Amino acid sequence: MSSIADNIESVTRRIQKATIDAGRKPGTVRLLAVSKTRPASDIRTAASSGQRAFGENYLQEALDKIEALSDLTDLEWHFIGPIQSNKTRPIANQFSWVHSVDRLKVARRLNEQRDPALAPLNICLQVNIDREASKSGCHPEEAVALASTIAGLPNLRLRGLMAIPDPRQGDTELRQSFRQLAQLLTTINEQLPPEQALDTLSMGMSGDLESAIAEGATWVRVGTALFGARASAG
């Protein structure tokens, strides 16, 4: 069985190769280790191999891990799961990034509850790019207006867009979904002042990160390829 350290090295090589193959500058794509359902010990092992950014879906589980790993002061915690509006306060103050904001109510609560002594909370707007009934996310036609409003909230920093395309698609259709998200980011940037321009596309997972990088991903969210297969892993 491959170790977590070996897996991180392997995935990092995949990212580097895909970045170069896409004609992009090395280092422009970051690895977000999806550590949901994984014990804190796995995160500590990954951190010992140099991984610093970790994505969590379930709030209480994440808060327990953040506490257990509080001695690792340079870890970067990303919330990537559905957000209940009555649980925004700990998300606002315990995370550096939130990838799953899909409605204005949640954004406003995160803004109001973020400790002003902290740096603005990095936000990605989740877009239901394939309009799946079972998926969270705003519809693409809603994204421009929503992004413009969120960009004006002082305790948030809108960084970009996130999507989870329908995994049942073939590679051509999947690439098209990633491309549509990248095009939507360009459209939004045309409406924002330069100082608020978005720079982040959070898209691509263990099985499709090469396609996502080819279409402009800046974060790839990888769980299974790092920590091994598990039914609930990303």
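By convention here, the first residue in the shown sequence is residue 1. As the structure is a prediction and not an experimental result, all values here were calculated from the model.
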Could you go through the side-chain contact (heavy atoms from CB on, under 4.5 Å) check for N155 and L121 one step at a time?
CA-CA 6 Å; N155 294 320; L121 181 62; over 6 Å; no

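- A heavy-atom distance below 4.5 Å is not found between the side chains of D42 and S35.
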Using the side-chain contact (heavy atoms from CB on, under 4.5 Å) rule, take C124 and T200 through it: C-alpha gap first, then chi angles, then the decisive distance, then the call.
CA-CA 8 Å; C124 288; T200 298; 3.8 Å; yes

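- Separation of atoms OG1 (T88) and CZ (R108) is listed at 13.5 Å; rounding is to 0.5 Å.
- Here Q60 pairs with D64 under the side-chain hydrogen bond (donor to acceptor under 3.5 Å, both in side chains) rule; sequence neighbours left out.
- In this structure, R109 places its CZ atom where more than 12 heavy-atom neighbours from other residues, nucleotides or ligands lie under 6.0 Å away.
- Within the 3.5 Å criterion, the main-chain N or O of A225 finds a donor-acceptor partner in the side chain of S206.
- Counting only distance, with no hydrogens or angles, the side chain of E61 and the backbone of T37 share a donor-acceptor pair below 3.5 Å.
- With 3.5 Å as the limit, one finds no donor-acceptor pair spanning the side chains of Q191 and S148.
- For the atom pair D102 CG and K135 NZ, the distance stands at 13.0 Å (nearest 0.5 Å).
- Of the options V222, I164, V34, a side-chain contact (heavy atoms from CB on, under 4.5 Å) to M205 is made by I164 and by none of the others.
- Residues meeting the side-chain hydrogen bond (donor to acceptor under 3.5 Å, both in side chains) test with S177, sequence neighbours left out: D130, Q169.
- Side-chain contact check for I8 versus L226: some heavy-atom pair is nearer than 4.5 Å.
- Considering K36, K65, R38 as possible partners of E56, the one that fulfils the side chain to side chain donor-acceptor pair (under 3.5 Å) test is K65.
- I123 has its side chain out of reach of L153: every pair of non-hydrogen atoms, C-beta onward, lies at least 4.5 Å apart.
- Side-chain atoms of D115 do not come within 3.5 Å of backbone N or O of N93 as any donor-acceptor pair.
- Between L59 and P90 the shortest heavy-atom distance is CD2-CG, 3.7 Å.
- For the pair T218 (side chain) and L201 (backbone), a donor-acceptor distance under 3.5 Å is present.
- With hydrogens and angles left out, the side-chain atoms of D208 and S211 include no donor and acceptor closer than 3.5 Å.
- Listed for the Q196 side chain is a donor-acceptor partner under 3.5 Å among the backbone atoms of A151.
- The main-chain N or O of W219 is never found under 3.5 Å from a side-chain atom of S202 such that the two would form a donor-acceptor pair.
- N122 contributes a side-chain N or O that, together with a main-chain N or O of S96, makes up a donor-acceptor pair within less than 3.5 Å.
- Annotation: E190, atom CD; neighbour count of heavy atoms from other residues, nucleotides and ligands within 6.0 Å is above 12.
- The aromatic rings of H78 and H99 lie tilted to each other, with the angle between the two planes from 30° to 60°.
- At least one donor-acceptor pair closer than 3.5 Å links the side chain of Q51 to the backbone N or O of L31.
- Checked by atom type and distance alone, the side chain of R24 pairs as donor or acceptor with a backbone atom of I213 at under 3.5 Å.
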Determine, step by step, whether I188 and L161 satisfy the side-chain contact (heavy atoms from CB on, under 4.5 Å) criterion, reporting the C-alpha distance in whole Å, the side-chain angles of both residues, the deciding distance to 0.1 Å, and the verdict.
CA-CA 10 Å; I188 291 172; L161 305 177; 3.9 Å; yes

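- Residues D71 and R44 are paired through a salt bridge, judged by an N-O separation under 4.0 Å between the basic side chain and the carboxylate.
- Here the closest heavy-atom approach between residue P154 and residue P120 is recorded as O-CG, 4.2 Å.
- Formation of a donor-acceptor pair under 3.5 Å by the R221 side chain with backbone atoms of G204 is not found in this model.
- Residues satisfying the ring-ring contact (aromatic ring centres under 6.0 Å, His included) test with F95, not counting sequence neighbours, are F79.
- By the 4.0 Å N-to-carboxylate-O rule, E215 lies close enough to R179 to be salt-bridged with it.
- Two residues are said to be in side-chain contact when any heavy atoms from C-beta on lie closer than 4.5 Å; W97 and E76 meet this criterion.
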Check the pair L32, I80 against side-chain contact (heavy atoms from CB on, under 4.5 Å), reporting the backbone distance first and the verdict last.
CA-CA 10 Å; L32 178 59; I80 59 176; 4.0 Å; yes

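- Scanning both residues, L125 and A143, for their nearest heavy atoms gives CD2-O, 3.7 Å.
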